[in-house]
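Structure first, commentary second.
Only heavy atoms go into these numbers, but all of them, side chains included; no hydrogens, no water, no symmetry mates. Here is the naming used below: chain letters follow the sequence lines, and residue numbers restart at 1 for every chain. Model, not experiment: these values are computed from the prediction.
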There are 4 protein chains.
Amino acid sequence: MAKKEVKTIGVLTSGGDAPGMNAAIRAVVRTAINKGLKVKGIMRGYAGLLQEEIVDMDSVSVADTINRGGTILYTARCEEFQTEEGQKMGAEICRKHGIDGVVVIGGDGSFRGAGKLSALGINTIGLPGTIDLDIACTDYTIGFDTAVNTAMEAIDKVRDTSTSHERCSIIEVMGRRAGYIALWCGIANGAEDILLPERYDGNEQYLINRIIENRKRGKKHHIIINAEGIGHSTSMARRIEAATGIETRATIIGHIQRGGTPTCKDRVYASIMGAKAAELLWEGKSNRIVAYRGGRFVDYDIQEALNMTKDISEEQFEISKLLVR
Amino acid sequence: MAKKEVKTIGVLTSGGDAPGMNAAIRAVVRTAINKGLKVKGIMRGYAGLLQEEIVDMDSVSVADTINRGGTILYTARCEEFQTEEGQKMGAEICRKHGIDGVVVIGGDGSFRGAGKLSALGINTIGLPGTIDLDIACTDYTIGFDTAVNTAMEAIDKVRDTSTSHERCSIIEVMGRRAGYIALWCGIANGAEDILLPERYDGNEQYLINRIIENRKRGKKHHIIINAEGIGHSTSMARRIEAATGIETRATIIGHIQRGGTPTCKDRVYASIMGAKAAELLWEGKSNRIVAYRGGRFVDYDIQEALNMTKDISEEQFEISKLLVR
Amino acid sequence: MAKKEVKTIGVLTSGGDAPGMNAAIRAVVRTAINKGLKVKGIMRGYAGLLQEEIVDMDSVSVADTINRGGTILYTARCEEFQTEEGQKMGAEICRKHGIDGVVVIGGDGSFRGAGKLSALGINTIGLPGTIDLDIACTDYTIGFDTAVNTAMEAIDKVRDTSTSHERCSIIEVMGRRAGYIALWCGIANGAEDILLPERYDGNEQYLINRIIENRKRGKKHHIIINAEGIGHSTSMARRIEAATGIETRATIIGHIQRGGTPTCKDRVYASIMGAKAAELLWEGKSNRIVAYRGGRFVDYDIQEALNMTKDISEEQFEISKLLVR
Amino acid sequence: MAKKEVKTIGVLTSGGDAPGMNAAIRAVVRTAINKGLKVKGIMRGYAGLLQEEIVDMDSVSVADTINRGGTILYTARCEEFQTEEGQKMGAEICRKHGIDGVVVIGGDGSFRGAGKLSALGINTIGLPGTIDLDIACTDYTIGFDTAVNTAMEAIDKVRDTSTSHERCSIIEVMGRRAGYIALWCGIANGAEDILLPERYDGNEQYLINRIIENRKRGKKHHIIINAEGIGHSTSMARRIEAATGIETRATIIGHIQRGGTPTCKDRVYASIMGAKAAELLWEGKSNRIVAYRGGRFVDYDIQEALNMTKDISEEQFEISKLLVR
């Protein structure tokens, strides 16, 4: 693809929000301005683009935001932008506002839109922003580290009361298609069982047997981490209580995992990625996703990245099972 | 009541656990030992008493516990102890183990049992331990301060994502009969609406109207704190979304609120109350509840205390409504 | 004092900042507006008043501030306002800007200024804002609860490493004239010794003997909480290490204790106090300090309040010593 | 090196403690037991080895430790083990206790000792445990993630009060030879200046000019992160205040950074590394360090690893400067 000089860039957040998005926005804005570019904020993702909710941004616009959860640009879903017509209108509006490059912070769906915009002549760079870690081309996504710490701290607390009452606890963490949060918490909280969308076979009898067996061996609690993608924690708790005679409670951590001040890693990595996205646009690149892989920040072609697949680490899963007595 | 010299005391936790119970246990044990008494730990509340799960405790037994959530003595419900027969057996077992005084940490139900034990000749002192603050004779209960901070911090996080997505959020906090956690969080988190068991009339239409009105005025989110005693947060969210057209999500914070390292206030007040309980037993007192009222630590006759009533502060409720723009 | 109708009020923060000041400002602003008053923010305390740094405030000015540390109005010391001339000029500037009532959030020094302004015809209400709890008329000051929790959490962490290395640790917490933070942390962290400005006699040999004795009894660490008012933690550590042969380290927690998101109690109490201050002005009251005493929110005449004295709780101090094994 | 079958392994922590060490110990113990090995805990590092402070460990010994800061095995420095004689005695004691493999958790100094033990016929595996990240062969060390988050949260709080008072703040973080904590916090807290042992040239006049310049541009605070290796924060603050006329305060975060419950990353990575260390011993390997590099867990020859060098990331340092307005 021929390189094109960009003068004004836009930045938007799309899909579910994630802690660290503001750090990324801040880095995009300040790096771009440092390179001599102008920056516009596109509110509410692609929906705001189509409604021309576009504001000028400067260095001050992003002051005191690095430590704040959520996204100062707001976010929304947008079905219209999934149509060819919507995409063309989006590109047209970019041109109308003099925007010749856009940084899109979001997940796979958002990158698909970015790819379309790129094909329509607007340079685009994607940044992986999702707490679920479910973007194949990268080992890191903005927000995962914060979300997994939030979940872990919540589970530490549930564990206290679960032990006091000698209960079984099923704790549901986020992750619709991907079990990364569940797996990390499983290890970090020393959970007796971890139910992952990628692995769980629905064998509740196996869980029930393990609970009964552990109780016989004198364990005071039994913690099951359940990923959102499996769900049904409340009814599962009822069935397990009925089958084991052991008091069993479900806790669904929910949207707490989406918010909160970002961890150090999320602030630092999101900042580096945001800086890199602005640099790539400045260099005239388009249709790329910034990723972290093999310990380095790299970038991939959008379509190539969307075709990649990844799985949870088998090694990590094995260790999680091994380390629970 | 004639005073009786006690030589050995027992301590138990009963009902739902609460952060700070360990600080109270530690203070009971160390104060009693300091006064020359012997101390025994009664495991799993009244249930453990009836099963004679009784262990010797010394200063070291409670080392490194002040900062830990849950209760090192475990807790359980016990229907048997609600019968006269159970109570007599409990008193008998105390005598058998040389226990002539018991500190009972729990809620109203636990105090009723303590009153019975006292009538059967075992000196008893109650300590108010419940996250719900629903004990009439006292302005403070062990665990409330930690629980309300845990809930508040969780709601701060939900608010981040609620704002990013411009959603309405219903957040359910603990409190079956009492709305204290809901009311405190309502003020501390600047919630648009607070639904209290003591006040809520079920008028969902009023909520719906307020949400629509606020949205017109440009508010980016609408936070409703709902007490467990009202419940049904998930179905309420569905109805509100249907009626307003505004995306509405429910989060039930749940058992997270029961655990975690206690706040400074919970550690300090639980320590003072625990010390006071041991002193009262040492002085030969019985059938008393230690309370904090009017800025001072005091104690009440158990039956007198159980007959008291209290309500949420109307002033605080009015202020909560006033301060939300 | 004859009551005077006020139409426009100012609000300022003065002296050291404290978490919860923003909650108080928010409550002042919104309550006043609700009563039909106008509100102006006076920046940088009395210094900003003299320089006429005065801005209009409305409900939106205080949106999203309840959870933020620091003070959105900034704060500063002001020697000029301690002179009669400065005070007259301050009253003059208030009149010039149509301000006929002022809420002053700060400590004793700030209240003295408020008393002068009141005598010069500007109605004033003081709110106790200081992390040190060193205001005699009140059992609660805005910021103490947050500061003491921040200090406690820091000390919990120091204790971990102090135990790993079997060290003696001297941890200096804030409190120049008052040992409240030290005393609360002393209990909450189970410190072996607590050095309070109100009590410490400088007998280092006593400390040294205790450390040696505790080590003999097998204790793995020795935590000394030292109040800022005693200070010299680093040299004390050197002397203790030399005398005991036990590795001893000093940690000065410092300004960390002044910041951070306020605890639930600080948010709720600061909100109630702010609301009360605005109401008092609206009722035409002047020269009063809002206080929390005996479990209730009350208000005192400024001069009367400044003449009160208070001391740390002897009971609490005794318990702190008793509970350490 | 010929592989040797091991039957009993020891585990010790050495040098400064770091959050996550307990997670590593737990993983070593449980993995080893799972492989059919016996495990002994060596207390107080090499010092405890020489004093034969050796205890049997099983699965239960490490229950409820994954979330605890510090090290349950304690740690100490040991000059004697730096001598050939000490090392021989150490190997002898291992043999006496039937220990034919040792996992050493610590830093470079500890690995040097491990290398010596290995040469003397005791199989050894090193795990990188230090909050400073200053081990050349690995991109991750146990404890860094927790320490950097602790420091960041503390700096967030200092920033609140620094802004309220419009001060300059110098905040000293740990890192004697390495500026990783300083650099990460510098980015994460949006610090105006970061002083790294690897880069700082002592040019205080440059700092002073920047502070004055920033103040002219309207910045409300100026945060300087200073690494321990540069130190002298208090005197630097005095000089800067004298030169700029702007109130300047120093905060030395200190040992707080060494403690606290480990973050999710520290728990998970320390667990994986601990499991890997036990596996390597079981496979008969010796003289290796487990590392994380290029996104994978790998292992290196000890001497090879000790000869590696690394530097802070120039890219990260450049970004840190760029992102501050």
Side-chain angles (χ1 to χ4, degrees), chain C residues 13-19 21-22 43-45 47-48 68-77 129 131 143 146-147 150-151 153-167 169-172 174 220-221 233-234 247 249-262, chain D residues 13-19 21-22 43-45 47-48 68-77 129 131 143 146-147 150-151 153-167 169-172 174 220-221 233-234 247 249-262:
Chain C
T13 48
S14 168
D17 64 339
M21 282 186 163
N22 287 328
M43 313 302 282
R44 292 175 188 74
R68 285 168 56 192
T71 159
I72 57 168
L73 296 176
Y74 302 98
T75 182
R77 270 171 297 166
I131 62 165
T146 305
T150 299
E153 288 169 17
I155 298 167
D156 275 348
K157 290 189 215 286
V158 176
R159 188 177 175 141
D160 282 344
T161 181
S162 192
T163 304
S164 298
H165 291 265
E166 298 168 277
R167 271 182 195 139
S169 286
I170 302 178
I171 302 161
E172 188 174 315
M174 284 208 157
K220 298 293 183 204
H221 59 245
S233 298
T234 309
E247 198 181 27
R249 296 283 171 87
T251 299
I252 300 165
I253 302 184
H255 280 73
I256 298 166
Q257 294 161 86
R258 290 212 167 283
T261 186
Chain D
T13 48
S14 167
D17 65 338
M21 281 186 164
N22 288 329
M43 312 302 281
R44 292 174 189 76
R68 286 169 55 193
T71 159
I72 56 168
L73 295 176
Y74 303 99
T75 182
R77 269 171 297 167
I131 62 166
T146 305
T150 298
E153 287 168 18
I155 298 168
D156 275 348
K157 291 189 214 286
V158 176
R159 190 179 172 139
D160 283 344
T161 182
S162 191
T163 305
S164 298
H165 291 267
E166 298 168 278
R167 269 180 199 143
S169 287
I170 301 177
I171 303 160
E172 189 173 314
M174 284 208 157
K220 298 296 184 204
H221 60 246
S233 298
T234 309
E247 197 179 28
R249 296 284 172 87
T251 300
I252 299 166
I253 302 183
H255 280 73
I256 299 164
Q257 294 160 86
R258 288 212 169 283
T261 185

From [X] atom [atom1] to [Y] atom [atom2], the distance as rounded to the nearest 0.5 Å:
X      : Y      : atom1 : atom2 : result
D/T161 : C/I131 : OG1   : CD1   : 8.0 Å
C/T146 : D/K157 : OG1   : NZ    : 9.0 Å
C/H165 : D/R258 : NE2   : CZ    : 5.5 Å
D/D160 : C/H255 : CG    : NE2   : 12.5 Å
C/T261 : D/E153 : OG1   : CD    : 12.0 Å

Heavy-atom nearest pair, C/I253 first then D/T251, reads O-CG2, 4.0 Å
What is the minimum heavy-atom distance between C/S164 and D/G70, and which atoms define it?
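That closest heavy-atom pairing would be OG-CA, 3.1 Å.
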Region of [X] in contact with chain C, defined by heavy-atom distances below 4.5 Å:
X      : answer
D/I256 : both
D/R68  : neither
D/T13  : neither

For [X], is it the side chain, the backbone, both, or neither that has a heavy atom closer than 4.5 Å to a heavy atom of chain D?
X      : value
C/E247 : side chain
C/D156 : neither
C/S162 : neither
C/R159 : neither

Leading residue by heavy atom contact count with chain C [cutoff under 4.5 Å; candidates [options]]:
options                      : answer
D/P19, D/A154, D/S169, D/G45 : D/A154
D/A250, D/A76, D/G69         : D/G69
D/T75, D/V158, D/L73         : D/T75
D/I72, D/T163, D/I155        : D/T163

Would you say CZ of D/R167 has more than 12 non-hydrogen atoms from neighbouring residues, nucleotides or ligands within 6.0 angstrom?
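Atom CZ in D/R167 is packed in, count exceeds 12.
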